[in-house]
There are 2 protein chains.
Amino acid sequence: MTKPLDPEMFDPLCPSDLVPIRVGDKWAGMIIQCLEGGPRRFSELRVPLRNITPKVLTQSLRALERDGFVVRTVHAGPARNVQYELTSLGRSLLGLLDTARAWAEAHLDELIDARETASPASRTS
Amino acid sequence: MTKPLDPEMFDPLCPSDLVPIRVGDKWAGMIIQCLEGGPRRFSELRVPLRNITPKVLTQSLRALERDGFVVRTVHAGPARNVQYELTSLGRSLLGLLDTARAWAEAHLDELIDARETASPASRTS
DNA sequence: CAGCATCCTCCGCGATACTG
DNA sequence: CAGTATCGCGGAGGATGCTG
């Protein structure tokens, strides 16, 4: 049902590292976004998170599971198939992520200005 | 004008490390809270942040300044006096912190349950 | 009072290679 | 397919001591 994840749903050029808000570890926020549309498999998650190594993805997913944000389900079959899905608690973080994104978009220019003012990297104007 | 900061405004027993939301570095959120009521001096901030070392407090404050959340003002005088104050950008984070706290309070019990389920530390019931 | 200098430890995160 | 096993770096954070 759920469509495949957009491989470019996370722009590598996005200056999101300027935003001082983090939910969970480095990848947790993005993983939760990926799971918004429904359950996903391990390999499926690796696509939008382009350069993530399996070890790190496993770490993040295990942490999310331990904290009750995600459930892991193993569906036996010809080829192994493991599903990750948001719990209601995990889904409750989506609102927070939206709030954070809204704040970031509203203030991104100020963040950029502040950095430039702090480290005057060869102004042209 | 502004009353002294409550030395116990941050309960060391508070299970806030269960909450997967962070604004800036480890101390940034608390510092911003401290500055909500108006400008504060370096030593003043050290009181509620009981065990913070001056080096670490300086680090956090410099980062907040670099990112445009705080302004640092040196008032010369008999004894040195440095004020830290929230900018409007910094003040805009207060709403986010409130949202995060609201989420945390609403879901704290679920967070605790999840951890207990994950690591069954000697159940009695 | 408001820091700076130094040293050190822990852990997040990643690269690489291998497995049921 | 969905991981595990090892190795290693870099940076956050802290302890301790000194300074204009």
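All of these numbers come straight from a predicted model, not from anything done at the bench. Sequence lines set the chain letters: A, B, ... in the order given, protein chains first and strands last, and positions in each chain run from 1.
With a 6.0 Å radius and a threshold of 12 heavy atoms from other residues, nucleotides or ligands, A:Asn51 has its CG atom at or below the threshold. Within a 6.0 Å radius of CG in A:Asp109, other residues, nucleotides and ligands contribute more than 12 heavy atoms.
Against DNA chain D, the stretch residues 71-81 of chain A makes heavy-atom approaches under 4.0 Å through A:Arg72, A:Arg80, A:Asn81. Near-neighbour residues of DNA chain D inside residues 7-15 of chain A, defined by a heavy atom below 4.0 Å, are absent.
A sub-4.0 Å separation between OP1 or OP2 of D:dT4 and a side-chain N or O of A:Arg62 is present.
First and last contacts of DNA chain C with chain B, using any nucleotide atom under 4.0 Å from a protein heavy atom and ordered 5' to 3', fall at C:dC1 to C:dT6.
Residues A:Val19 and A:Ile32 fall into different hydrophobic clusters, defined by Ile, Leu, Val, Met, Phe, Trp and Tyr side chains chained together at heavy-atom separations under 4.5 Å. Both B:Trp103 and A:Leu86 are part of a single hydrophobic cluster, where members link through side-chain heavy atoms under 4.5 Å apart. Linking ILVMFWY residues whenever their side-chain heavy atoms come closer than 4.5 Å, directly or via other members, leaves B:Leu89 and B:Val71 in distinct clusters.
Taking atom CD of A:Glu44 as the reference point, atom P of D:dA2 lies 9 Å away to the nearest angstrom.
Identified under the side-chain hydrogen bond (donor to acceptor under 3.5 Å, both in side chains) test for residues 5-27 of chain B, with sequence neighbours left out: B:Asp25-B:Ser60.
Checking each of B:Glu44, B:Arg40, B:Met30, B:Glu85 against B:Leu35 for a side chain to side chain contact (heavy atoms under 4.5 Å, CB included) leaves exactly one that passes, namely B:Arg40. Just one residue in the list A:Leu57, A:Val47, A:Leu45 forms a side chain to side chain contact (heavy atoms under 4.5 Å, CB included) with A:Ile52, and that residue is A:Leu57.
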Point to revise | Full working for side-chain contact (heavy atoms from CB on, under 4.5 Å) between B:Phe42 and B:Leu61 | key: CA-CA 9 Å; B:Phe42 190 86; B:Leu61 287 170; 3.9 Å; yes
Point to revise | From CA spacing to verdict: side-chain contact (heavy atoms from CB on, under 4.5 Å), B:Arg62, B:Arg66 | key: CA-CA 6 Å; B:Arg62 292 286 194 274; B:Arg66 177 201 50 167; over 6 Å; no
Practice item. Kindly indicate, with the supporting measurements, whether the criterion side-chain contact (heavy atoms from CB on, under 4.5 Å) is fulfilled by A:Thr87 and A:Val70. Key: CA-CA 5 Å; A:Thr87 63; A:Val70 157; 5.7 Å; no
Exercise for review: Begin from the C-alpha positions of B:Arg72 and B:Val82 and carry the test side-chain contact (heavy atoms from CB on, under 4.5 Å) through to its verdict.
Suggested key: CA-CA 7 Å; B:Arg72 177 177 178 271; B:Val82 182; 3.8 Å; yes
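A distance-only check finds no donor-acceptor pair linking the side chain of A:Arg101 to the backbone of A:Leu96 [under 3.5 Å]. Checked by atom type and distance alone, the side chain of A:Thr2 never pairs as donor or acceptor with a backbone atom of A:Gly38 at under 3.5 Å.
In this structure the side chain of A:Pro7 never reaches within 4.5 angstrom of the side chain of A:Pro48, judged on heavy atoms.
DNA chain C contains the following stems of three or more consecutive Watson-Crick or G-U pairs, with both distances under 3.5 Å: C:1-20 with D:1-20.
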**Study point:** Base versus backbone protein contacts along nucleotides 12-19 of chain D [heavy-atom cut-off under 4.0 Å; B, S, -]
**Key:** -BBB----
